[in-house]
Amino acid sequence: MTDHVRVQQNGKVLEITLNRPPANAINQEVARAIHNALRQLQDDPQLQCGIVTATGEKIFCAGWDLKAMADMETNQQALADSLASPGGFAGMTEFWDLRKPVIAAVNGIAVGGGFEICLACDIVVCVDSAEFFLPELHRGFLPDAGGVQHLPRKFPYNVAIELLLTGRRMPATEARHWGFVHEVLPPENLLSRARQLAEEIANAAPLALQALKEVVPNIYSLPIEDAFAATKPGNKAFPVYQKMLLSEDFMEGARAFAEKRPPNWKGG
């Protein structure tokens, strides 16, 4: 990996920690390291869930390294640099085949791309001093690494547009109000709560967990009849889901319940 991204495995959970002070800004080195860690999460059958967090007490992530961008001579060079990492911005905003959930444990301000990292995660917990904002319009461009795509889906449309237009700072309590943040916590409880959630998730059946990640984002905007049709046996739209239906684990949960014992998941 890199000194700027720390990766630690705790049982079935992989923790990814941004460590590029003072602002944990993303450059190509950091983006590739995050992507490599998430690829490890996806490919290792022993891993079930990831946590993305950061060092420091004030800033989770300030987004793309604008100082590095300012040194580039042309728009084309800046665009090529920002798009060079596999998995999209920060190695994760377009990691479409990631089938394992990721929790964002936000230890401070999430600015621009830092907010977009959170938007790419499945669950967000944060400290009570956290703030989320997208100042890109006031920097000359759009937050198009997830901001304009995700925000109107995860917030009421009028709230999303106002956040995008003004770039104002949304406090943790408001983010919790709109359902974007799962819990607001004191700093000393942030990581322990994220780990607790990750461990709960990691106890699920592996194929069912991956099937959920495959199915839900893809049926979210479908008409309800089509959403039901997509999750019928034999429908080839979701291969992981179909594999789950025919797996040993599909019956193991019911048998374990009937026999009053913990399930023995095989992952197949």
Side-chain angles (χ1 to χ4, degrees), residues 38 41-42 48-50 52 83 86-104 110 113 115-125 132 134 136-137 142-166 170 174-183 197-198 200-254 265 267-268:
L38 292 174
L41 171 65
Q42 175 61 27
Q48 287 275 72
C49 186
V52 175
L83 297 172
F89 174 76
M92 66 181 295
T93 61
E94 297 177 68
F95 194 160
W96 306 126
D97 61 338
L98 181 61
R99 297 288 182 242
K100 296 180 182 178
V102 178
I103 298 169
F115 191 176
E116 290 173 314
I117 289 173
C118 300
L119 288 164
C121 291
D122 300 284
I123 296 175
V124 180
V125 293
F132 303 86
L134 296 165
E136 279 84 346
L137 266 68
L142 296 184
D144 55 7
V148 296
Q149 296 91 343
H150 281 304
L151 219 65
R153 297 169 184 259
K154 297 198 174 187
F155 290 83
Y157 183 83
N158 60 322
V159 175
I161 290 298
E162 184 264 333
L163 288 170
L164 289 165
L165 287 172
T166 65
M170 180 175 58
E174 183 184 350
R176 175 72 180 88
H177 169 76
W178 296 120
F180 175 65
V181 166
H182 179 65
E183 287 184 52
L197 285 167
E200 291 173 7
I201 292 167
N203 287 328
L207 269 179
L209 194 63
Q210 294 190 53
L212 184 75
K213 282 280 291 181
E214 177 188 53
V215 169
V216 173
N218 289 295
I219 67 170
Y220 180 72
S221 60
L222 292 178
I224 192 67
E225 295 89 347
D226 294 342
F228 269 88
T231 53
K232 296 297 183 185
N235 190 315
K236 297 180 180 179
F238 301 125
V240 178
Y241 174 72
Q242 294 299 325
K243 183 179 179 181
M244 178 206 73
L245 293 177
L246 300 175
S247 69
E248 291 184 45
D249 286 352
F250 184 81
M251 297 299 294
E252 169 61 13
W265 304 125

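Being a predicted model, the structure only gives us computed values, none of them experimental.
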Within residues 213-235 or reaching into it, pairs that qualify as side-chain hydrogen bond (donor to acceptor under 3.5 Å, both in side chains) - sequence neighbours excluded: D122-K213
CG-CD distance between D144 and E116, expressed to the nearest 0.5 angstrom: 7.0 Å
Side-chain heavy-atom pair I103, C49 within 4.5 angstrom cut-off: yes
Distance in Å, I117 CD1 paired with M92 CE, rounded so as to fall on 0.5 Å steps: 6.5 Å
Closest non-hydrogen atom pair, A202 against Q48: O-NE2, 3.3 Å
Residue pairs fulfilling salt bridge (charged side-chain N to carboxylate O under 4.0 Å, His left out) with at least one residue in residues 174-183, sequence neighbours excluded: R168-E174, E183-R193
Contact check, side chains of N203 and W265, non-hydrogen atoms, under 4.5 Å: no
Where P233 and L245 come nearest, the two heavy atoms and their spacing: CA-CD1, 3.9 Å
Nearest heavy atoms of A237 and P239, plus distance in Å: O-CD, 3.5 Å
Distance, nearest 0.5 Å, that separates CD of E162 from CG of L151: 10.0 Å
L207 versus S247, closest heavy-atom pair with distance: CD1-CB, 3.7 Å
Between CG on residue D97 and CD on residue Q210, distance to nearest 0.5 Å: 10.5 Å
Could you give the side-chain donor-acceptor pairs of residues 152-159 under 3.5 Å, partners two or more places apart or in another chain?
unit_1	atom_1	unit_2	atom_2	d
R153	NE	Q149	O	3.3
K154	NZ	L119	O	2.6

Shortest non-hydrogen separation from F132 to C118 and the atoms involved: CE2-SG, 4.0 Å
Minimum side-chain heavy-atom gap L134-L163 below 4.5 Å: no
